[in-house]
Amino acid sequence: MQAGKKNKPIHYRYFLNMGPQHPSTHGVLRVVIGMYGEYVLSIEPIIGYGHRMHEKMGESRPWQAFLPNTARMDYACALPHQHAYVRAIERMTGVAVPERAEYLRVITTELNRVVSHLLWLGAFLLDLGAFTPILYTFDDREHILDILENVTGSRLTHCYFRAGGVVQDVDDSFEPAVRACIKRMRSRFEMYDKLVTKNIIFIKRTKDIGIIDRDMAVRYGVTGPVLRGSGIAHDIRKAEPYSVYPELDFDVPTGQNGDCYDRYLVRVEEMRQSLRIIEQALERMPGGDVRTKTPKKLNLPPGDVTSTTEGARGDVTYYVAGDGTETPYRLKVRSPCFSNLSLLEELCEDMLLADLIATMGSLDLVIPEVDR
Amino acid sequence: MMTLLQQLPPECIRIVIAAAVVIGFVFANATVMGYLERKLAGRFQRRLGPMEVGFHGLLQMPVDGLKLIGKQLTEPNNVGGIVFYLSPLIAMTPVALPFLVIPFSPHLQVIDLDVGLLFIIAMISFNTIAVFLGGWSSNNNYSMLGAMRSVAQNISYEIPILLSVLSIVLITNSFSLKTIVLEQSRFWFVLVQPVAFLIFFIAGIAETNRAPFDLPEAESELTAGFHTEYSGIAFSMFMIAEYTYIFINCALATVLFFGGWHGIPLPFGEYSSCIWFLMKTYLLMFVIVWCRWTFPRVRFDQLMNFSWKYLIPFSMVNLLLTAIVVKL
Amino acid sequence: MALDTGRLVTDIRACSQNVAEPQPGACGYTIEVHLSPDQVQECARSMYDHGMYLVFITAVHVSPVPEVLYQFAHFDTPCRVLVRTSVQSDGKLPSIAPVYRGADWHEREIHDFYGIVFEGHPHLKPLIFAREDRKMRPLLKRDELVKERSALWPDETGLTAPESDDAGR
Amino acid sequence: MNQYFSDLLNGARSLIEGFGVTLKALLSPPVTVQYPRETIPVSAGYRGHIELIIDEESGSHRCISCGTCARTCPSRCIEVKGEKPEGGKRKELARFQLDFTRCSLCGTCVEVCPVTALRFSRVYGQAGYTREEFMIDVLKRAGVQK
């Protein structure tokens with residue numbers, strides 16, 4: 001794109017401190033940008049402002065106590081984290097999960113994914129300067145959040161999954177509410193198409209900006225919609241199927257040249273796919289109980305396990321090492337935003353400041369998940 | 001006291017009263033525009049807008065004004081000294097001058113300068129100096145960026161305005177605003193010069209740093225652009241100046257293209273022309289607010305390209321065509 | 001360009017004999033490798049040639065010497081490799097940041113939490129902690145809580161044991 | 001050259017469409033609720049702070065002050081004390097204090113209670129100026145509910 005100014009003498013460079021309080025860092029992230037005029041020469045993201053040492057909490061209390069923590073890392077899309085942690089525990093202890101519980105987990109996770117993508121869509125457009133769409137996306141989100149609040153008890157920090165199933169069954173108002181919500185959501189997509197997808201200013205602000213190729217994705221471990229925007233159809237729900245995803249039919253949207261515009265298209269298409277998944281899951285959901293009886297004191301056998309799910313931002317992997325007691329010996333959380341953010345230094349060299357904001361917005365960062 | 005008044009020449013009293021009315025109008029317009037903008041923004045976003053203060057939030061803007069006056073003027077350290085405090089004044093004071101020549105109705109016009117149009121366009125460019133000094137002197141990287149952007153933006157959008165206005169002057173071959181409006185009694189110039197109107201209107205939006213060209217105060221990039229460090233009355237001066245420049249732009253567009261005070265005679269007697277004028281102006285302001293709440297922000301180099309590659313060539317071609325047609 | 005797992009396993013065997021292919025359903029990874037610290041960079045390079053991306057690097061504080069684990073996965077074919085190494089006696093480990101730029105942050109984070117020094121790392125500054133509390137090392141367990149390496153993985157022959165070829169769990 | 005004009009034309013068309021969307025939004029009724037005056041009913045499954053369930057027949061709470069919930073709570077925010085009234089054989093619940101500033105609403109206490117004496121209340125919009133306002137005396141609340 002524009003010729004960079006890297007060969008300019010150093011004393012022309014001045015530093016712009018973006019954050020930790022800044023409208024478009026989506027959380028407490030500080031980015032020290034070396035600027036030459038409007039061009040970005042060097043970027044250094046400084047993280048750690050929202051660090052709470054979740055992994056130490058996991059190691060110092062029984063494994064059940066970590067369940068609320070899983071929802072406090074990526075609060076925009078908490079259920080995939082909880083699903084990964086609960087599957088890790090089930091893998092270690094060999095607890096079986098009833099079919100109905102697995103379907104409930106898939107339905108609530110996909111609802112959560114749609115909510116998270118809507119939040120991202122509003123915030124991304126706010127970064128580009130459009131003030132109105134965020135209110136429309138929040139309006140849509142409210143409908144789904146009301147359903148999730150009724151099922152899981154809270155709007156964002158859900159604590160709904162347990163080892164061996166889910167906390168409680170859904171009441172009979174759940175299914176009609178979800179169907180109505182899907183119908184309403186589908187009618188909203190072509191409004192977003194008219195307002196955003198075809199808008200010439202939006203296209204000019206996001207086309208061919210922040211292009212991520214396969215080699216950079218491999219070197220930085222980029223996963224999720226950011227990776228799929230570059231044309232690589234890697235989705236854990238398809239690559240390493242878990243829960244009841246093999247029985248559900250959905251496809252993995254990918255972009256062509258990996259710029260902000262493709263990432264936008266991928267996420268909007270993913271919302272449509274999630275609605276398809278929810279519809280199929282609602283039809284195939286059997287009756288039966290939603291939780292297997294687990295002994296009061298469930299010890300984690302020695303040895304370690306990793307379990308992976310597809311979060312809204314990418315590959316969420318939990319590594320749990322047990323030592324025979326009820327407390328995990330080591331608990332590692334691999335958060336997708338950590339790797340997606342680490343490529344900012346290499347990706348955003350020689351960019352304009354406005355493009356840096358657009359690229360950071362398109363990476364869909366949730367900073368508490370980066371700091372853990 | 002009355003004898004003193006008789007000695008003063010009548011012209012001087014007339015000017016003092018006119019000045020007082022104009023200043024009053026500037027503040028009234030700022031509150032009305034601010035209220036309209038926040039209410040419309042709410043309605044565009046399917047919400048209600050200010051409802052708490054007064055009936056349907058009518059008192060919201062005056063109360064905000066009082067709050068801003070009451071707020072403490074924070075001054076960051078080693079700030080550009082006197083220039084830091086001067087720039088809001090530079091933004092605020094020249095704002096009232098264009099009102100001298102705007103013809104609200106046939107006889108409601110302070111002075112009918114025969115170079116009225118030139119005078120207004122000269123006054124409009126004061127805003128750039130104020131924004132630049134404000135941004136540069138507040139010793140903050142964000143505002144310095146905002147200042148630089150606003151200078152480049154205003155310069156490159158001054159030219160399309162001039163060229164599009166020239167095509168009108170070619171038709172009426174006079175700069176006096178009153179004669180321009182009188183010329184439009186039979187048909188409005190927007191029918192004759194639609195392209196010139198579009199160029200003038202778009203360049204007007206860019207001139208007053210309004211979205212989608214609001215780069216000098218880009219919230220998501222430069223926190224608040226040139227007025228990041230200003231608080232209290234200094235910040236509200238910049239706001240009042242911005243709203244008044246929008247009004248002047250819309251008033252100019254009404255005078256040049258929408259036939260000033262012409263319209264179907266309303267039952268208000270001789271005030272109907274003034275009401276027509278205000279209605280047209282506030283309709284154009286509605287479109288500006290509409291633009292703000294619909295479009296994302298343009299990137300800086302695209303802004304420049306848009307002006308130099310699209311607006312200026314089109315306005316030149318338009319000027320040429322008008323010249324040919326008029327001279328036939 | 002799908003991954004050819006057969007060739008991958010032979011490449012890994014070239015680095016170290018101790019390769020196991022446990023049941024993925026039970027433990028979440030398809031290949032488990034035990035490496036000695038100096039083979040880490042070589043193994044990382046062969047992973048990179050196969051187009052595997054780095055999932056995470058983590059460390060476990062076990063008694064003789066802390067254990068460092070790498071997990072790699074592939075975009076097109078489902079295959080998860082878990083590489084286990086022990087830190088050298090002087091608490092150092094060769095860094096794989098030159099091969100995987102993404103490992104730069106992972107290693108700095110482990111340095112913050114455990115104090116393990118990665119040789120060859122471009123700039124081993126604190127990532128998450130501020131300058132003043134970079135000596136905190138929160139994930140190191142108190143002495144009475146640290147467990148033997150064998151207590152955690154009883155039936156696996158750690159690297160301390162001589163090279164025996166029986167497969168892992 | 002035609003890229004120049006095609007950009008201009010479908011650009012203008014997309015802007016007009018954008019205008020159409022916001023105009024339709026302008027004309028349609030607002031979807032918001034004026035919160036302090038009007039409120040949306042809280043859904044059935046909403047988790048407020050925990051409260052004691054009142055038995056219909058016995059008319060009082062079922063808690064046997066065994067303290068299981070206090071032990072299993074991850075953030076140790078429940079404090080239960082039972083006293084044996086003189087002569088009586090069973091412990092009576094004397095004090096049930098919940099420190100709601102630390103509760104993360106995980107629901108473990110509701111699950112592990114042997115006599116299912118706890119449930120989530122539907123208290124919404126709790127705000128206070130001091131921490132003491134969030135030290136909820138659940139027993140007193142149960143008394144009030146009786």
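Within every chain, numbering begins at 1; the chains are lettered A, B, ... in the order of the sequence lines, protein sequences first and strands thereafter.
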- Value for CG (A:Asp127) from CZ (B:Arg297), rounded to nearest 0.5 Å, stands at 9.0 Å
- CZ-CG distance between B:Phe300 and A:Leu352, expressed to the nearest 0.5 angstrom: 9.5 Å
- Query: Where is the tightest heavy-atom contact between A:Phe15 and B:Asn141, given as atom of each residue plus distance?
  - Reply: O-ND2, 2.5 Å
- Taking all non-hydrogen atoms of both residues, which atom of B:Leu145 and which atom of A:Gly37 are closest, and how far apart? CD2-O, 4.1 Å
- Looking only at heavy atoms, the pair that brings B:Arg299 and A:Ala354 closest together is CG-CB, 3.7 Å
- Decide if atom CH2 of B:Trp293 counts as having more than 12 heavy atoms of other residues, nucleotides or ligands within a radius under 6.0 Å. yes
- Name the region of A:Met18, side chain, backbone, both or neither, that has any atom closer than 4.5 Å to a heavy atom of chain B. both
- Note on the structure: Value for CD1 (A:Ile200) from CZ (B:Phe295), rounded to nearest 0.5 Å, stands at 11.5 Å
- Item | Polar side-chain atom of B:Tyr142 near backbone of A:Asn17 as donor-acceptor pair, under 3.5 Å | yes
- Query: What pair of heavy atoms forms the shortest contact from A:Phe131 to B:Gln45, and how long is it?
  - Reply: O-NE2, 3.5 Å
- Note on the structure: When the 4.5 angstrom heavy-atom criterion is applied to A:Ile357 and chain B, the contacting part is side chain
- Note on the structure: Applying a strict 4.5 Å limit to non-hydrogen atoms, the region of A:Tyr136 in contact with chain B is side chain
- Please report the closest heavy-atom contact between A:Glu38 and B:Arg149, naming both atoms and the distance. OE2-NE, 2.7 Å
- Nearest heavy-atom approach of A:Thr132 to B:Phe44 is CG2-O, 3.8 Å
- What's the spacing between A:Asp355 CG and B:Asp301 CG if we round to 0.5 Å? 7.5 Å
- Find the distance between OG1 (B:Thr294) and CG (A:Leu195) and round it off to the nearest 0.5 Å. 7.5 Å
- Is the number of heavy atoms from other residues, nucleotides or ligands under 6.0 Å of B:Phe314 CZ greater than 12? yes
- Message: Do A:Asn199 and B:Pro296 have side chains that approach each other closer than 4.5 Å (heavy atoms only, starting at C-beta)?
- Response: yes
- Task: Mark yes when over 12 heavy atoms from residues, nucleotides or ligands other than B:Lys309 sit less than 6.0 Å from its NZ; otherwise mark no.
- Result: no
